[in-house]
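The structure under discussion appears below in the form of structure tokens.
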Amino acid sequence: MPTDEPPRVAIVGAGPSGLFAAAALVAHPDVRVDIFDRLPTPFGLLRYGVAPDHASIKAVATTLARVFESERVRFLGLVEFGRDVTAAELVAAYDAVIYAVGAADDRHLGIPGEDLPGSRSARQFVAWYSGHPDAEPQPMAGVHDAVVIGVGNVAVDVARILLKEPAALSVTDMPDAVLAALREAEIEHVWLVGRRGPEHATFTTPELRELLETPGIGITVTGCDLDAIDDAVLERHARANVASIARAVADSPATADRWLHLLFWHRPAGLDGEGRVQAVRFEPTAPGAEALTVPADLVLRSIGYRGVPLPGVPYDEGRIPNLEGRVLELDGSARPGEYAVGWIKRGPVGLIGSNKKDAAETVAHLLEDLATQPRRLLTDLDTALDARGVRPSDLADWRRIDEAEIARGGIRGSERTKIEAWHDLLDLVRHDPGPA
């Protein structure tokens with residue numbers, strides 16, 4: 001490739017951080033961007049990690065989709081990093097490579113009984129109700145009592161989905177099979193558990209209020225005295241959270257078919273059951289609190305995410321080592337031409353919007369490097385992939401999937417219904433569409 005051609009940048013991952021990075025890149029003239037993803041659908045966490053009833057957050061995808069309107073951007077789906085393409089191949093074929101793969105693993109409790117059937121990660125549960133094609137079915141028949149361990153936004157979303165009537169979720173893009181499974185549950189009690197007090201919880205106030213305002217539920221608080229919390233020393237969001245909980249408890253009905261129990265200053269000590277989880281033992285984490293055991297047919301841990309190693313890329317403690325987005329070797333030396341954005345860069349912290357500023361920082365350094373470093377001849381990755389039989393899907397394939405989901409939703413009376421099965425997605429990907 002002649003060195004006077006526009007710079008080419010590869011982005012691995014079509015989630016929010018990758019698309020924010022692409023948008024920042026194409027704001028500069030001449031840069032060309034190829035976005036790789038192992039799925040035939042873009043948007044990552046926005047599509048498969050945001051609760052289906054969070055329409056306002058999912059609407060961010062509409063804004064991010066505008067990056068695909070640029071003729072300088074290509075989407076290459078069904079290309080798995082490490083299997084179909086390597087780090088070395090990308091570095092040889094592009095002037096710069098950005099890793100935007102998020103944090104695809106979850107942390108474990110490390111307690112007895114954690115592996116009992118009925119004990120799962122919230123990440124798996126979210127992937128299931130969001131229609132991810134890799135998600136395993138989540139049996140819900142006979143689930144009366146559920147325990148969600150963690151007090152972040154994901155935990156709040158999971159608790160709300162469990163407590164909400166399936167009929168209210170039928171207007172979302174939730175897959176039909178998921179709705180059918182949720183109808184089989186007979187939820188009576190959902191426990192949301194934090195090892196510290198409500199003033200320390202990481203959930204944001206709007207998400208907390210959505211949970212507390214779930215129609216038809218009763219609400220209790222155990223493990224702490226809300227009146228004893230000095231709100232004068234709290235930051236604004238913590239004060240709002242405590243006030244929201246106090247108000248919800250005060251307004252809670254005396255009787256209800258479904259209950260949300262907020263348990264603070266406790267941590268799980270073990271899961272008990274014969275053949276499957278039947279109860280969770282909690283121990284106090286504050287003086288004066290008492291140990292207790294809670295019945296549970298379903299336990300979902302929501303205690304954080306971890307990035308997973310990428311073949312051929314440095315990795316340390318769940319992240320790619322980097323300096324403001326520039327990838328580093330484990331010894332701190334530079335890896336020219338390689339960059340990171342999003343959770344794989346900074347760890348699983350921050351809301352979706354946080355990725356915009358994060359991506360801008362990385363892209364600014366990338367453009368600075370392009371302007372100061374000599375250009376080199378690049379290899380032809382398209383030809384190499386074709387020779388190996390790798391046929392990436394493209395934007396036209398995604399648009400067919402998009403149209404099919406909208407059509408499914410029309411049948412159900414919703415804006416769209418997610419297509420969750422791999423074979424259905426692949427049926428809509430036409431590698432050889434024939435004559436135009």
Side chains of [X] and [Y]: does their closest heavy-atom pair fall under 4.5 Å?
X: Phe264; Y: Thr222; value: no
X: Leu90; Y: Val12; value: yes
X: Val429; Y: Leu78; value: yes
X: Leu163; Y: Arg258; value: yes
X: Leu328; Y: Arg335; value: no
X: Arg267; Y: Glu283; value: yes
X: Met174; Y: Pro166; value: no
X: Leu162; Y: Met140; value: yes

Kindly say whether [Y] contributes a backbone atom to a donor-acceptor pair with the side chain of [X] at under 3.5 angstrom?
X: Ser252; Y: Ala248; result: no
X: Gln124; Y: Ser121; result: yes
X: Thr172; Y: Leu169; result: yes
X: Asn241; Y: Phe203; result: yes
X: Thr293; Y: Arg281; result: no
X: Asp394; Y: Asp397; result: yes

Applying side chain to side chain donor-acceptor pair (under 3.5 Å), run through His261 and Thr220 and close with a yes or a no. CA-CA 5 Å; His261 305 287; Thr220 70; 2.7 Å; yes

Could you label the plane-to-plane angle of the [X] and [Y] rings as parallel, tilted or perpendicular, counting under 30° as parallel and over 60° as perpendicular?
X: Tyr48; Y: His132; result: tilted
X: Phe125; Y: Tyr129; result: perpendicular
X: Trp343; Y: Tyr305; result: tilted

Over all heavy atoms of both residues, which pair between [X] and [Y] is shortest? Give the atoms and the distance, please.
X: Pro392; Y: Leu385; value: CG-CD1, 4.4 Å
X: His266; Y: Leu263; value: ND1-CD1, 3.5 Å
X: Leu109; Y: Pro268; value: CD2-CG, 4.0 Å
X: Tyr99; Y: Ala87; value: OH-CB, 3.7 Å
X: Ala177; Y: Glu420; value: CB-OE2, 3.8 Å
X: Val341; Y: Asp358; value: CA-OD1, 3.5 Å

Salt bridge check: are [X] and [Y] linked by an N-O gap of less than 4.0 Å?
X: Glu114; Y: Arg301; value: yes
X: Glu368; Y: Arg326; value: yes
X: Arg416; Y: Glu405; value: yes
X: Arg38; Y: Asp134; value: yes
X: Asp297; Y: Arg276; value: no
X: Lys345; Y: Glu361; value: yes
X: Arg306; Y: Asp105; value: no

Evaluation steps, side chain to side chain contact (heavy atoms under 4.5 Å, CB included), between Val26 and Val67: CA-CA 8 Å; Val26 297; Val67 74; 4.0 Å; yes

Can you tell me how far apart [atom1] ([X]) and [atom2] ([Y]) are? Round to the nearest 0.5 Å.
X: Ser70; Y: Arg32; atom1: OG; atom2: CZ; result: 8.5 Å
X: Leu366; Y: Glu338; atom1: CG; atom2: CD; result: 11.5 Å
X: Ile219; Y: Arg247; atom1: CD1; atom2: CZ; result: 11.0 Å
X: Leu182; Y: Gln138; atom1: CG; atom2: CD; result: 10.0 Å
X: Ile245; Y: Leu208; atom1: CD1; atom2: CG; result: 5.0 Å
X: Phe20; Y: Leu64; atom1: CZ; atom2: CG; result: 4.5 Å

For a quick check under 3.5 Å, do Thr214 and Arg160 share a side-chain donor-acceptor pair by atom type?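 Checked: Thr214/Arg160 side chains show no N/O donor-acceptor pair below 3.5 Å.
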
Just by distance, with hydrogens left out, do Asn153 and Thr204 show a side-chain donor and acceptor under 3.5 Å apart?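 Distance-only check passes for Asn153 and Thr204.
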
Check against side chain to side chain contact (heavy atoms under 4.5 Å, CB included), Thr41 and Ile401: CA-CA 8 Å; Thr41 56; Ile401 294 169; 4.1 Å; yes

CA sep, side-chain torsions, deciding dist, call: Val390, Glu80, side chain to side chain contact (heavy atoms under 4.5 Å, CB included): CA-CA 10 Å; Val390 178; Glu80 184 170 345; over 6 Å; no

Where do Asn355 and Arg346 land on the side chain to side chain donor-acceptor pair (under 3.5 Å) test, with the steps shown first? CA-CA 10 Å; Asn355 290 301; Arg346 68 183 190 275; 3.1 Å; yes

Counting heavy atoms not belonging to [X], are there more than 12 under 6.0 Å from its [atom1]?
X: Arg83; atom1: CZ; value: yes
X: Asp257; atom1: CG; value: no
X: Glu329; atom1: CD; value: yes

So, for His189 and His144, is the gap between ring centers shorter than 6.0 Å?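 Ring centroids of His189 and His144 are no less than 6.0 Å from each other.
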
Between Val158, Val190, Val126, which is the residue that forms a side-chain contact (heavy atoms from CB on, under 4.5 Å) with Leu300?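 Only one of Val158, Val190, Val126 forms a side-chain contact (heavy atoms from CB on, under 4.5 Å) with Leu300, namely Val158.
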
Working for side chain to side chain contact (heavy atoms under 4.5 Å, CB included), residues Arg195 and His200: CA-CA 9 Å; Arg195 60 185 178 86; His200 305 112; over 6 Å; no

Go through Asp34 and Arg74 one step at a time and tell me if the salt bridge (Lys or Arg N to Asp or Glu O under 4.0 Å) criterion holds. CA-CA 5 Å; Asp34 285 353; Arg74 287 198 306 168; 2.7 Å; yes

Using the side chain to side chain donor-acceptor pair (under 3.5 Å) definition, which of the options Asp369, Asn322, Thr362 pairs with Tyr339?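 By the side chain to side chain donor-acceptor pair (under 3.5 Å) criterion, Tyr339 pairs with just one of Asp369, Asn322, Thr362: Asp369.
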
So which of Asp424, Asp173, Asp402 actually passes salt bridge (charged side-chain N to carboxylate O under 4.0 Å, His left out) with Arg408?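 Single salt bridge (charged side-chain N to carboxylate O under 4.0 Å, His left out) partner of Arg408 among Asp424, Asp173, Asp402: Asp424.
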
